[in-house]
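First the structure, in the form of structure tokens, and then the observations on it.
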Amino acid sequence: MKLVRFNGGRVGVVRADRVVDVTEAAGIDPQAFPPVGTVRLIAEFDQLGPRLAAVQGEGVPIADVTLETPVAWPQKVIALPGNFKEHREEMADAPPVLGARGFFLKSPSALSGAGEPIVLPEVPGREVHHESELGIVIGRRGRHVSRKDALEYVFGYACALDITVRDMAVDRILRKSYDSFAPFGPWIVTADEIGDPSELGMKLWVGNDLRQSANMRDLIVDIPGMIAMASSVMTLHPGDLIFSGTPAGVGPIVDGDTVTVEIERVGRMSVPVRQGHGGNNLAFQGLEHSQR
């Protein structure tokens, strides 16, 4: 099943190139705050999934709706730094012994959807870079999850972008948590449709320029390893998101660009880039900085 959020928090199932509205069947109030409807849907999917599958109707063309992030209010967004060898090398950040570098957290408020732009902050002298990633959606509560059992905790997958202000002197979380710096979508594909995710191909274009091309088999910490590592530290909850880390080929994006990420069997997401206002702050002022 492919699940989307659209048009102000409504929930739909994608069938071919159309969206069938299942908001009422899922028992979701699109106006509720906080917007945790899809988190609850994920947690209760064993009961709700058959109800959604039974909803009939022609739906509307997916091109006619505004796609929002499928999960708007996860408890946490976990991201893996330097998780492809070649990306570490291009960042001049490869340690003598290649291994896990841990993880960091992006603000959930950075999430945006396929129908929404990446909004660039005004940070003079710094570039903003794209990073294509596989998004992993947790479906079950878990702590101390073993590698062997890890994939049983995955609800589904999505395309993801980890947008980054490039300045190594400034804290990573700050540089990666601007609003719209975590595009996620265009939908969640449930794990049963993906099967083994260990060799999914991933590509990213800026306009027509292919910037990144990689395969999940090249990950340093694979998907079971990500779940095992994160759950060894903190409890994972339904709706939590994990960003896989990005391969080599990161580079700048500017106003007017379109960034497209495509992941085998998951989908394709294209988002425009727009220059915004504000965003400069004390962290970027008076510091020696690096564009690495």
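For reference, positions follow the sequence shown, starting with 1. All of these numbers come straight from a predicted model, not from anything done at the bench.
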Only pairs at least two apart or in different chains count here, so list each salt bridge (charged side-chain N to carboxylate O under 4.0 Å, His left out) that has a residue in residues 190-202.
Glu199-Arg217

N/O donor-acceptor pairs under 3.5 Å from side chains in residues 107-117, not counting sequence neighbours:
residue: Ser107; atom: OG; partner: Ser109; partner atom: N; Å: 3.2
residue: Ser107; atom: OG; partner: Ser109; partner atom: OG; Å: 2.7
residue: Glu116; atom: OE1; partner: Gly113; partner atom: N; Å: 2.5

Strictly by salt bridge (charged side-chain N to carboxylate O under 4.0 Å, His left out), give each pair with a member in residues 134-143 just once, sequence neighbours left out.
Arg140-Glu152

Residues pairing under ring pair (Phe, Tyr, Trp, His ring centres under 6.0 Å) where one sits in residues 225-278, two or more places apart or in two chains, turn out to be Phe184-Phe243

With sequence neighbours excluded, residues passing salt bridge (Lys or Arg N to Asp or Glu O under 4.0 Å) with Asp209:
Arg211

Any side-chain heavy atom of Met202 within less than 4.5 Å of one from Ser213?
no

Extract all donor-acceptor atom pairs below 3.5 Å that involve side chains of residues 50-62 and protein atoms in other chains or at least two apart in sequence.
residue: Arg51; atom: NH1; partner: Ala25; partner atom: O; Å: 3.2
residue: Gln56; atom: NE2; partner: Ala54; partner atom: O; Å: 3.2

State, yes or no, whether a side-chain contact exists between Lys203 and Ser132 at a heavy-atom distance under 4.5 Å.
no

Does a side-chain heavy-atom distance below 4.5 Å link Ile78 with Leu236?
yes

Can you list the residues that meet the side-chain hydrogen bond (donor to acceptor under 3.5 Å, both in side chains) rule with Glu24, with sequence neighbours excluded?
Arg10

Please tabulate, for the side chains in residues 252-259, all donor-acceptor contacts under 3.5 angstrom to protein atoms that are two or more places apart in sequence or on a different chain.
residue: Asp255; atom: OD1; partner: Gln275; partner atom: N; Å: 3.1
residue: Asp257; atom: OD2; partner: Val254; partner atom: N; Å: 2.9

Under the salt bridge (Lys or Arg N to Asp or Glu O under 4.0 Å) rule, collect the residues that match up with Glu44, sequence neighbours excluded.
Arg40

Salt bridge (Lys or Arg N to Asp or Glu O under 4.0 Å) partners of Glu264, counting only residues at least two apart
none

Student check: side-chain heavy atoms of Val128 and Phe181 closer than 4.5 Å:
yes

Give every residue pair that meets the ring pair (Phe, Tyr, Trp, His ring centres under 6.0 Å) criterion with at least one member in residues 205-228, sequence neighbours excluded.
none

For residues 156-163, please give each side-chain donor-acceptor pair under 3.5 Å, one per line with the distance, not counting sequence neighbours.
residue: Asp162; atom: OD1; partner: Lys106; partner atom: NZ; Å: 2.6
residue: Asp162; atom: OD2; partner: Lys176; partner atom: NZ; Å: 2.7

